[in-house]
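Notes to accompany the following structure.
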Amino acid sequence: MKKIIGLLGLACILILCSCDDNSENEKIRDSKQTITASTSISNEKISIYDINNAKIGQIERYGILVLTDDSIIYNKIPNGSVDSITDMDYYRYILKTKENIKLGTVKDFSYEAKYETTVIGNSLYMFITTGEFAEIKNRTLHLYKVDLISNTMSVIFSQKGGFPFSTMTAVGNKLLMDRLIATGGSELEEFNTETNERKILKKFDFDDKANIGEAIRQITSDENTISLLRLKMESGGKSRLYLDVYDHDMNFLRSVDVSTIPSHSTDSPENELRQGVSNFLVANDYIYYANFSITRFLGKIENGSLRSIMDVNPEFEMSSEAVKSKFSGLFYQSFDKNNDLYLLNYKDGTLRKTTFNVDDERYNIINISRNTNDNLLITMRYKNPDTGEGLVPRLYYVNLSDLEFS
């Protein structure tokens, strides 16, 4: 229970702290690990269905899933049900053969930033924290690599006291990572996945005691650019949020003040600016932003400023992608009875809509993962708001072409 209590405590700390700051809102609700005060933590058996509601598979999992081009990467508590998580098994479920392959076990498991999972070539990279999550001196951040050929997992490097919510993005064969440093501030580090070389590209200084300085909030990339979301705090608590854009060689292109992102979502925009950022995308000047609080934004950068292209609410989410799509972004309303989905074309800005309902229309979309073949893994649940009774959760494995957007 100590680790779970630590997670809840840290969630409160992150709201107030500028540097240390995460869904499944369902990214902290279903997306990351499920945080619960229950004395028993258990795996969940969940069946997989196709577009015709036919059962095509089943897994026993704990926490959020990652969809690759041919498989599902998932966690599993070794003993099925425990009072406190100490170890975590990792598995790969091959969708075509229905084979479950054990990848390895993480000892003293505390947290995984699964929403940051990134695939480069035949390798999957993820940040996993071990030790006491809320205690800097007693936690360690690891970059793990899953070899999708040999079905093994190994540690690339470890950082004592590392920040559990560190972020990453792929640029060619390189992995760019934003990580906090113990002395204050943050660094943008490059890891060459072919040579295993690491180097610091940029450094931002932050005074934790004075709450003054700059920190990287998130990082993303598209075919041509790398975008850093940078928080700047000045004396008196004034905060600004900037989007710094570079080319793939880290040549600076421009900086855009995006501090207006939370202005319509809350009466406390300053507080929202300081929140950790759970999802962030920039593609052909279209931008999606989601923090660990209530702010969501979908818009476009035009003439050095932001323009909203759709009014969104705190349940408006973007599908998770281990490899970012070059062509479109898929968005959805989580926990909504209408099960609305939206597809944004990055080239021409066309925004189309559809719904995804199954044979029992009570089911709600909770989370969506998408792979490079436009296959989708849709998590669906239902819980009666009055009685708390729910339906057995389901996974749907469908293709984007199965959905009729208009």
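The first residue in the sequence is number 1, and the count goes up from there.
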Grab the two heavy atoms, one from [X] and one from [Y], that are nearest each other, plus how far apart they are.
X: Y246; Y: L253; answer: C-CD1, 3.7 Å
X: R61; Y: G63; answer: NH1-O, 2.8 Å
X: S278; Y: Y115; answer: O-CD1, 3.6 Å
X: M168; Y: L143; answer: CE-CD1, 3.8 Å

Within the 3.5 Å criterion, strictly below it, is a donor on [X] or [Y] matched to an acceptor on the partner's side chain?
X: S255; Y: D244; result: yes
X: E315; Y: S334; result: no
X: T354; Y: E404; result: no
X: R274; Y: S239; result: yes
X: T129; Y: R139; result: no
X: Y74; Y: N100; result: yes
X: S369; Y: S320; result: yes
X: S81; Y: S40; result: yes
X: S221; Y: T169; result: yes

Short side-chain to backbone donor-acceptor contact, [X] and [Y], under 3.5 Å:
X: H248; Y: D222; result: yes
X: D207; Y: N211; result: no
X: T193; Y: N173; result: yes
X: T130; Y: S110; result: no
X: D147; Y: T152; result: no
X: D69; Y: T372; result: yes
X: S268; Y: E270; result: no

(request) Take R254 and D285, measure what salt bridge (Lys or Arg N to Asp or Glu O under 4.0 Å) needs, and give me the verdict at the end. (result) CA-CA 12 Å; R254 60 177 171 166; D285 284 341; 2.4 Å; yes

(message) I'd like to check K102 versus D89 (side-chain heavy atoms, cut-off strictly below 4.5 Å). Are they in contact?
(response) yes

Quick check on [X]: does its [atom1] atom have over 12 non-hydrogen neighbours (other residues, nucleotides or ligands) under 6.0 Å away?
X: N384; atom1: CG; answer: yes
X: E302; atom1: CD; answer: yes
X: K160; atom1: NZ; answer: yes

Drop me the distance from [X]'s [atom1] to [Y]'s [atom2], to the nearest 0.5 angstrom.
X: L201; Y: L188; atom1: CG; atom2: CG; answer: 5.0 Å
X: D108; Y: D87; atom1: CG; atom2: CG; answer: 8.0 Å
X: K199; Y: K174; atom1: NZ; atom2: NZ; answer: 5.5 Å

Option passing side chain to side chain contact (heavy atoms under 4.5 Å, CB included) with [X] (candidates [options]):
X: F280; options: N291, L228, L243; answer: L243
X: M318; options: L330, N279, L344, L298; answer: N279
X: S166; options: D178, L141, I219; answer: L141

(request) Evaluate the salt bridge (Lys or Arg N to Asp or Glu O under 4.0 Å) criterion for residues K96 and D70: first the C-alpha distance (whole Å), next the side-chain angles of each, then the deciding distance (0.1 Å), finally the verdict. (result) CA-CA 7 Å; K96 187 175 182 179; D70 64 350; over 6 Å; no

(message) Taking R230 first and then E214, would you say they form a salt bridge - that is, a charged N and a carboxylate O separated by under 4.0 Å?
(response) yes

(request) Decide yes or no on side-chain contact (heavy atoms from CB on, under 4.5 Å) for T295 and I261, but give the supporting numbers first. (result) CA-CA 8 Å; T295 298; I261 280 178; 3.8 Å; yes

(request) For salt bridge (Lys or Arg N to Asp or Glu O under 4.0 Å), just list the numbers for K347 and E223, CA-CA rounded to whole Å, side-chain angles, deciding distance to a tenth of an Å, and then say yes or no. (result) CA-CA 12 Å; K347 301 301 180 183; E223 289 183 281; 3.5 Å; yes

Is the terminal nitrogen or CZ of [X] (NZ for Lys, CZ for Arg) located under 6.0 angstrom from the six-membered ring centre of [Y] and within 45° of that ring's axis?
X: R362; Y: Y382; value: yes
X: R296; Y: F316; value: no
X: R198; Y: F157; value: yes
X: K76; Y: Y91; value: yes

(request) List in chain and number order the residues that pass side chain to side chain donor-acceptor pair (under 3.5 Å) with N53, two or more places apart in sequence or in another chain; answer none if no residue qualifies. (result) Y396

(message) Would you say the ring centers of Y288 and F331 fall short of 6.0 Å from each other?
(response) yes

(message) For F165 and Y111, I'd like to know if the aromatic rings sit close, meaning centre-to-centre distance below 6.0 Å.
(response) yes

